[in-house]
Amino acid sequence: MSKPYVILIGSASGIGKSTIAAELARTLNIKHLIESDFIRAVVRGIIGKEYAPALHSSSYDAYKHIRNKNRFNSYDELVAAGFDEHASYVIPGLEKIIQRAITDYDDIIIEGVHLVPGLINVEQFEDDANIYFFVLSSEEESHKERFVKRAIEIHRGGKQLDFFRENRIIHDHLLSQAEANNVHVINSETIEKTLEKILSIINQSTATVKLVNDVDELADVINIIINKNNGSLDKITYNIKGFKEPLVRNINVNDSEDAQKFIDNISKDSDKKEYLSELYKLSEYRETTISASSQAKLDEIIEELKEKGYVLNE
């Protein structure tokens with residue numbers, strides 16, 4: 001039998017992970033979708049408040065129960081430590097659920113704030129399942145808008161809105177842990193864009209094309225791949241004349257905002273633009289690895305790049 005899929009989606013509160021997880025389950029026809037909050041509720045029924053006060057607090061104020069608070073260098077470190085302690089009580093239950101799904105050959109999606117890279121041990125399941133771990137991120141203003149909307153919807157506006165700063169600290173902590181543990185960080189945009197970014201990693205529809213665009217055309221290339229088709233630029237290889245070994249850059253860019261920042265930076269900095277132009281001149285073409293959410297979407301990207309004359313005509 002083929003390996004089951006285990007897909008983990010974590011983020012701070014108010015980023016949109018529940019919506020994305022539900023859409024992903026529908027798209028992939030995965031019937032088992034579990035929220036980590038349900039596991040927390042079960043664990044709370046087993047472990048009393050007197051033994052685990054951090055567990056019986058919310059993720060954003062568990063830091064209040066940390067002992068020896070003075071040992072932390074900053075408020076951010078204290079909040080992150082309280083959050084980790086809160087999550088640590090839930091993670092063993094999550095790992096048991098993953099193991100049961102693998103034993104039964106069931107695909108499963110788990111979403112929740114308690115999915116902390118580095119705390120949950122996904123390596124133990126890699127031989128028996130297709131493991132995909134994502135952490136969703138958001139710019140602060142977008143996060144605040146979603147956070148306010150969610151707080152109102154679940155009728156906890158007054159309490160939760162007082163802790164936006166703490167939730168933002170948790171957001172940044174999850175991102176740093178994701179980076180340290182090679183977990184995919186996906187910027188949460190529209191549902192469609194976010195879903196396609198995740199699917200492009202799960203479906204692994206990739207191709208390497210030889211691009212011949214110049215620096216001034218780079219913005220259009222990025223627009224075709226990332227903005228219009230929700231694809232990603234994974235790797236660029238420069239075969240430089242006179243050098244035996246190529247110059248390889250693993251870039252893994254799938255976010256439109258990050259891509260635009262790069263384009264703006266090149267446009268404003270004449271030295272960087274000149275350097276990139278010289279690099280382009282030294283290589284006849286650039287082998288560029290592109291990913292998309294499906295083979296059909298990948299074919300659309302390549303066809304449009306060809307129509308614009310950006311692909312080497314061999």
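Among residue pairs with one or both ends in residues 78-88, those qualifying as side chain to side chain donor-acceptor pair (under 3.5 Å) are Asp84-His173, His86-His114; sequence neighbours excluded.
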Practice task
List the steps, then state whether side chain to side chain contact (heavy atoms under 4.5 Å, CB included) holds for Phe134 with Val185.
Solution key: CA-CA 6 Å; Phe134 303 97; Val185 174; over 6 Å; no

Problem - Lys268 and Asp264: CA distance, side-chain angles, deciding distance, salt bridge (charged side-chain N to carboxylate O under 4.0 Å, His left out) verdict - result: CA-CA 6 Å; Lys268 295 174 182 177; Asp264 291 343; 5.3 Å; no

Handout entry: From CA spacing to verdict: salt bridge (charged side-chain N to carboxylate O under 4.0 Å, His left out), Lys197, Asp255
Key = CA-CA 9 Å; Lys197 288 176 186 177; Asp255 180 65; 3.4 Å; yes

Problem - Check against salt bridge (charged side-chain N to carboxylate O under 4.0 Å, His left out), Lys306 and Glu303 - result: CA-CA 5 Å; Lys306 287 181 177 179; Glu303 186 59 35; 5.2 Å; no

Exercise for the section: Give the intermediate values and the outcome of side-chain hydrogen bond (donor to acceptor under 3.5 Å, both in side chains) for residues Ser36 and Glu111. Expected result: CA-CA 6 Å; Ser36 65; Glu111 60 91 357; 5.9 Å; no

Practice task
Verify side chain to side chain contact (heavy atoms under 4.5 Å, CB included) between Phe125 and Gln99, making sure each step is shown before the conclusion.
Solution key: CA-CA 8 Å; Phe125 307 118; Gln99 187 58 66; 3.5 Å; yes

Exercise for the section: Starting from the C-alpha separation in whole Å, work towards a yes-or-no answer on side chain to side chain contact (heavy atoms under 4.5 Å, CB included) for Phe83 and Ile169. Expected result: CA-CA 10 Å; Phe83 165 68; Ile169 292 171; over 6 Å; no

Practice task
Let me see the working for Lys273 and Ser270 under side chain to side chain contact (heavy atoms under 4.5 Å, CB included), right down to the final yes or no.
Solution key: CA-CA 5 Å; Lys273 185 174 182 180; Ser270 58; 5.6 Å; no

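Under a hydrophobic clustering in which Ile, Leu, Val, Met, Phe, Trp and Tyr are joined whenever their side-chain heavy atoms come within less than 4.5 Å, directly or via other members, Leu276 and Ile222 fall into the same cluster. In the hydrophobic clustering of ILVMFWY residues, with side-chain heavy atoms under 4.5 Å counting as a link, Ile91 and Ile34 come out together. Val209 and Leu312 are assigned to two separate hydrophobic clusters, defined by single-linkage of ILVMFWY side chains at heavy-atom distances under 4.5 Å. Taken together through direct or relayed side-chain contacts under 4.5 Å among Ile, Leu, Val, Met, Phe, Trp and Tyr, Ile97 and Phe38 form parts of separate hydrophobic clusters.
Side-chain rings of Tyr75 and Tyr63 approach one another, their centers coming within less than 6.0 Å.
The closest side-chain heavy-atom distance from Tyr132 to Asn130 is below 4.5 Å. Residues His32 and Asp107 are not in side-chain contact: their nearest non-hydrogen atoms beyond the backbone lie 4.5 Å or more apart. Between Ile30 and Ile7, the closest side-chain pair of non-hydrogen atoms falls below 4.5 Å. Contact of the Tyr5 side chain with the Asp106 side chain is not registered, since no non-hydrogen atoms from C-beta on lie closer than 4.5 Å. Side-chain contact between Asn250 and Asp234 is absent, with no heavy-atom pair separated by less than 4.5 Å. Looking only at side-chain heavy atoms (C-beta outward), Ile225 and Leu305 come within less than 4.5 Å of each other. For the pair Asn239 and Glu284, the minimum side-chain heavy-atom distance is 4.5 Å or more. A 4.5 Å side-chain heavy-atom check between Val113 and Ser11 finds every atom pair outside the cut-off.
When atom types are taken as modelled, the side chain of Arg249 and the backbone of Lys235 share no donor-acceptor pair closer than 3.5 angstrom. Between the Lys31 side chain and the Ile108 main chain, no donor and acceptor come within less than 3.5 Å of each other. With Ser74 contributing its side chain and Glu77 its backbone, the two residues share a donor-acceptor pair below 3.5 Å. Of the possible polar contacts, none joining the Arg146 side chain to the His143 backbone as a donor-acceptor pair under 3.5 Å is found. Side-chain atoms of Gln177 never come within 3.5 Å of backbone atoms of Val116 as a donor-acceptor pair (strictly under, hydrogens ignored). At least one donor-acceptor pair under 3.5 Å links the side chain of Gln124 to the backbone N or O of Asn121. In this structure, the side chain of Asn167 engages the main chain of Phe163 through a donor-acceptor pair within 3.5 Å.
Here the rule is side-chain contact (heavy atoms from CB on, under 4.5 Å) with Ile120, and of Val183, Val90, Ile98 only Ile98 fits it.
Side-chain atoms of Ser293 and Glu196 form a donor-acceptor pair, as typed in the model, at a separation below 3.5 Å. With hydrogens and angles left out, the side-chain atoms of Glu35 and Ser18 include no donor and acceptor closer than 3.5 Å. Counted by atom type alone, Asn203 and Ser294 present zero donor-acceptor pairs between their side chains at under 3.5 Å. Between the side chains of Asp269 and Asn265, not a single donor N or O lies within less than 3.5 Å of an accepting N or O.
The cationic group of Arg286 lies under 6.0 Å from the six-membered ring centre of Tyr280 and within 45° of the ring axis, placing it in a cation-pi geometry.
Glu166 and Val79 make their closest contact through O-CG1, 4.0 Å (heavy atoms, listed as atom of the first residue, atom of the second, distance).
Taking CG of Leu136 as the start and OG1 of Thr19 as the end, the distance is 10.0 Å to the nearest 0.5 Å. Atom CG of Leu24 sits about 10.0 Å away from atom CZ of Arg26, to the nearest 0.5 Å. Note that the NZ atom of Lys261 and the CD1 atom of Ile266 stand 15.0 Å from one another [nearest 0.5 Å]. Note: Ile191 CD1 to Glu23 CD = 5.5 Å, rounded to the nearest 0.5 Å. The distance from the OG atom of Ser291 to the CG atom of Leu298 is 7.5 Å, given to the nearest 0.5 Å. To the nearest 0.5 Å, the span separating CD1 on Ile263 from CG on Leu218 amounts to 4.0 Å.
Within 6.0 Å of NZ in Lys69 there are more than 12 heavy atoms belonging to other residues, nucleotides or ligands. Atom CD of Glu245 is surrounded by 12 or fewer heavy atoms from other residues, nucleotides or ligands within 6.0 Å. Heavy-atom contacts from other residues, nucleotides or ligands closer than 6.0 Å to NZ of Lys193 number more than 12. In Gln295, the CD atom is crowded: over 12 heavy atoms of neighbouring residues, nucleotides or ligands sit closer than 6.0 Å.
Between Glu217 and Lys308 there is no salt bridge, since none of the side-chain N atoms of the basic residue sits less than 4.0 Å from a carboxylate O of the acidic one.
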